[in-house]
Amino acid sequence: MSKPSIPKGTRDFGPEEVIKRNYIFDTIRSVFTKYAYQPIETPTMENLSTLTGKYGEEGDKLLFKVLNNGDFLSKANAEALAEKNSAKLVSSISKRGLRYDLTVPFARFVVMHQNDISFPFKRYQIQRVWRADRPQKGRYQEFYQCDVDVVGSNSLMYEAELTQIYDEVFAALKIPVEIKLNNRKILAGIADVAGISDQFVDMTVAIDKLDKVGMDGVKNELSKREIPAAAIAKIEEILQTTALADLKAKLSASEVGIKGVEELEQVFDYLSSSDLSNEVQFDVTLARGLNYYTGCIFEVKAKNVQMGSIGGGGRYDDLTGIFGLKNVSGVGVSFGAERIYDVMEELQLFPATAADSLKLLFIAFDAEAHAYAFRCLGKVRQAGITADLYPEPTKLKKQMKYANDRRAPYVVLIGGNEMESGLLTFKNMESGEQTSVDLESIIAQLS
RNA sequence: GUGGGUAUAGCUCAGUUGGUUAGAGCGCUGGAUUGUGGUUCCAGAGGUCGCCGGUUCAAAUCCGGUUAUUCACCCCA
C-alpha cells in the first residue's frame, strides 16, 4: 500500500492554520471594503491564449496547462508530435491553463465587461494562483494573491490611497513595516541622464538586486550587462540620493525624470495630512522587476524580520491594451499572504483563537443518557454556544481525552444520577473543578 | 532550466570500518483507574530501511541508475 501524497509545491492546511489564514484575509478584506473597493472572482482556468505571452518567455514556461478533454491526441499537431517538440505541440492539445496571477485575468475582465463597469473601477480579488516554478522556501506552486486595483483614472490620489491601505492593513495586523515608494519615470530619467535609455530594462533588473547583493554587486551586474563604466558611475552617484528635492536637480536634463519626481511629490502631498502608523519613504533604489509598471511603484518590507517583501505594486498605463481597450490606466498593489503568515508566526502576532472551536462537550455514560444529552445539546446550541456531544457513550477516558484534544474548556457529564436529579455534572477542564447545576444555569454561564 | 542535500515505524530522527532478531522520542492501543482528561508508571502493536540493479560469504550501510522531496540560483509572491 503506497502512502498518499499531494503534488509538489502544494500544501494541506489544518484547522488551526485555516483560522489564522482567514484572520489575515478577513483583515485585508475589511480594509479594502472600507475604501470602497468591490470584490470580483475570475475562473481558475483561463483560455491559454489569454495567458500566454503576458509574462514573458520565462512566464510561459511556468504556466500550468490543462490537457484537452476527449481524444486530444487524434487532434494533436502530428508534425510537432513526431518531432517531440513540446512547445509547438501545446496549442493543439491544450486550450486552457491555470491562472498565473490576478492582474491579467482582471484586465481581461475589464475589457469583457467594459460596458457594465463604471470607471474608475475599484476592485479587489483574493484567489489562488498557480505557477509551475521549482518550489523552495516560502515559494509554492499554488498560493494566494490578494490584489487591489483601480482602473480608469490617472489620479495620483489613488497612489496615496493605496499607501493608506497598506498602512492600515499592516497596522491592523500589528506588523511594523516600511512602505517604500519610487517611480519608474525616475528610473527612466536615470537611464536618460546616464545615456543608456536603450538599456533601461537591464539597468532596472540590476538595481532591483541592490538589497541582496549590495552596491558592488549591482555595479558588477551592470557591467556584465554591458553598460559603460561612465554610465555606471553616474547611476551610482544618483542612487546615493535620498531626498526627492536633490534628485530633481540631478535629473534636470531628463524630462521624464522630472515628471517622475513631480508625480511622487504630489503623492506625498496627498499623504502629508494623513495620520499614518508606519514609515512611508521614497527609495530611489526600488526598481521591481515587472516591466509593465510605468509610474509609481510600491514595496512593503516587514521590520525586524529577515524576509523579502510582503507586498508590492505599481501603476501601469496600458494594462488592457493587450486585450484591445486602449488608454486605460490602472494602479494596484498586492499583499503576499503567505509571507505575511510567516512574519506573523515569527513575531507571534496571531490572536488566541483555539477557544471558539469547541466550548462545551457533552459526555454520556449509557445509551439512555446519550439520548438525554442529545436533547440538552440542542438547547445549548440554540442559545448560540458552540457545543458537541461525543457520538457514543463509550469509556469515559476516551471521551474525556477527546474533550482534551479538542481543547474544550468545559465538559458536561450525564449519567443516571444526573437524569434523575436534573442536575448535570459541569466540569471546568482547566481547573478540574466540577459542580452539579441545571442546564439553564450552564447556558447562562457560557452565554 | 542549473547546482547541492535528504529518503529508516503514523511523525521527528539515531544506526559505528559492511556482520546475529534495525533502535529512540513523540503519537497510537491496552492496563494501573468498571463515573473523569491533561501529569506519572507498566505493557503492547507498528518497518519491503523510497524503488531497480550491481559489488560481497554478508548491504539500511559501498557503487550505478531511477523516483520523490527539500535548499539555493535564474525568476518571482
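Side-chain atoms are counted along with the backbone in the values below, which use heavy atoms only and exclude waters and symmetry mates.
Of the two residues contacting RNA chain B, namely A:Lys61 and A:Lys397, the nearest-nucleotide position lying further toward the 5' end is that of A:Lys61. Toward the 5' end of RNA chain B, the nearer of the two residues A:Arg339 and A:Met429, judged by each one's closest nucleotide, is A:Met429.
For A:Leu396, taking side-chain heavy atoms from C-beta onward, the closest of the listed nucleotides B:G31, B:U36, B:C74 is B:U36. Side-chain proximity of A:Arg131 to B:C74, B:U69, B:C76: nearest is B:C76. Listed nucleotides B:C76, B:G35, B:C71 differ in distance to A:Arg139; the shortest reach to its side chain belongs to B:C76. Comparing B:U70, B:C75, B:A77 against the side chain of A:Pro135 picks out B:U70 as the nearest. For A:Lys395, whose side chain is taken as the heavy atoms from C-beta onward, the closest listed nucleotide among B:G35, B:G30, B:A77 is B:G30.
Rounded to whole Å, the separation between the P atoms of B:G4 and B:A60 comes to 27 Å. On the C1' atoms, B:G65 is 15 Å away from B:U55, given to the nearest whole Å. If you take atom P in B:U48 and the same atom in B:U67, they sit 23 Å apart, rounded to whole Å. The P atoms of B:U16 and B:G23 are separated by 14 Å, rounded to the nearest whole Å. Separation of the P atoms belonging to B:U70 and B:C76 is 22 Å when rounded to the nearest angstrom. Straight-line distance between the C1' atoms of B:G25 and B:C62: roughly 30 Å, to the nearest whole Å. Nucleotides B:C49 and B:A59 are separated by 12 Å at their P atoms, to the nearest Å. B:G31 and B:C13: their P atoms are spaced 33 Å apart (whole Å).
Proximity of a side-chain donor or acceptor of A:Asp438 to a complementary backbone N or O of A:Ser441 within less than 3.5 Å is detected. Checking side-chain atoms of A:Thr320 against main-chain N and O of A:Leu325 turns up a donor-acceptor pair under 3.5 Å.
If you check distances only, the side chain of A:Gln434 never reaches the base of B:G35 with a donor-acceptor pair under 3.5 Å. Not a single donor-acceptor contact under 3.5 angstrom links the side-chain atoms of A:Asp405 to the base of B:G37. For A:Lys427 against B:U36, a side-chain N or O and a base N or O form a donor-acceptor pair under 3.5 Å. The base of B:G38 has none of its N or O atoms less than 3.5 Å from a complementary donor or acceptor on the side chain of A:Asn404.
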Every protein N/O within reach of nucleotides 3-8 of chain B N/O, cut-off under 3.5 Å:
{"unit_1": "B:G3", "atom_1": "O6", "unit_2": "A:Arg134", "atom_2": "NH1", "d": "3.4"}

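Within the nucleic acid shown, A:Glu418 comes within 4.0 Å of at least one base atom, counting heavy atoms only. Looking at heavy-atom distances under 4.0 Å, A:Leu413 makes contact with a base. Here A:Gly312 lies out of heavy-atom contact (under 4.0 Å) with every strand. Across all strands, A:Thr425 comes closer than 4.0 Å to base atoms (heavy-atom distances). As judged by a 4.0 angstrom heavy-atom cut-off over every strand, A:Gly311 is placed among residues making no nucleic acid contact.
The separation between A:Asp133 atom CG and B:C73 atom C1' is 11 Å, rounded to whole Å. In this structure, CZ of A:Arg406 is placed 16 Å from C1' of B:G38, rounded to the nearest angstrom. Nucleotide B:U70 holds its C1' atom 15 Å from the CZ atom of A:Arg11, rounded to whole Å. Here B:G50 presents its P atom at 21 Å from NZ of A:Lys8, a figure rounded to the nearest Å. Straight-line distance from the NZ atom of A:Lys401 to the P atom of B:U33: 20 Å, rounded to whole Å. B:G35 atom C1' lies 14 Å from atom CG of A:Leu424, rounded to whole Å. The interatomic distance linking A:Tyr140 (OH) with B:C71 (C1') rounds to 13 Å, in whole Å. Taking atom NE2 of residue A:His370 and atom P of nucleotide B:G35, one finds them 17 Å apart after rounding to whole Å.
Classification of the A:His113-A:Phe109 ring pair by plane angle, with boundaries at 30° and 60°, yields tilted. Using the six-membered ring where Trp is involved, A:Phe426 and A:Tyr410 have ring planes that are parallel, under 30° apart on the 30 and 60° scheme.
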Subject >> Strand RNA chain B as a dot-bracket string - pairs counted if Watson-Crick or G-U with both distances under 3.5 Å, | where the partner lies in another strand >> reply: (((((((..((((.....[...)))).(((((.......))))).....(((((..]....))))))))))))....

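A ring-centre distance under 6.0 Å is not found for A:Phe282 and A:Phe268.
Between A:Arg11 and A:Glu17 no salt bridge is recorded (no basic side-chain N to carboxylate O distance below 4.0 Å). A:Arg225 has a carboxylate O that lies under 4.0 Å from a charged side-chain N of A:Glu221, or vice versa, which qualifies the two as a salt bridge. Classification of A:Arg407 and A:Glu430 as a salt-bridged pair fails, no side-chain N sitting under 4.0 Å from a carboxylate O.
In this structure, A:Gln136 does not reach the B:U70 phosphate: none of its side-chain N or O atoms is under 4.0 Å from OP1 or OP2.
The line from CE of A:Met112 to OG1 of A:Thr42 is 11.0 Å long, rounded to the nearest 0.5 Å.
No aromatic stack links A:Phe365 and the base of B:G35, using centre distance under 5.5 Å and interplanar angle under 30°.
Closest of all the heavy-atom pairs between A:Asp147 and A:Ser334 is OD1-OG, 2.9 Å. Residues A:Lys185 and A:Val256 share a closest heavy-atom pair of CB-O, 3.6 Å.
Two residues are said to be in side-chain contact when any heavy atoms from C-beta on lie closer than 4.5 Å; A:Leu222 and A:Met203 meet this criterion.
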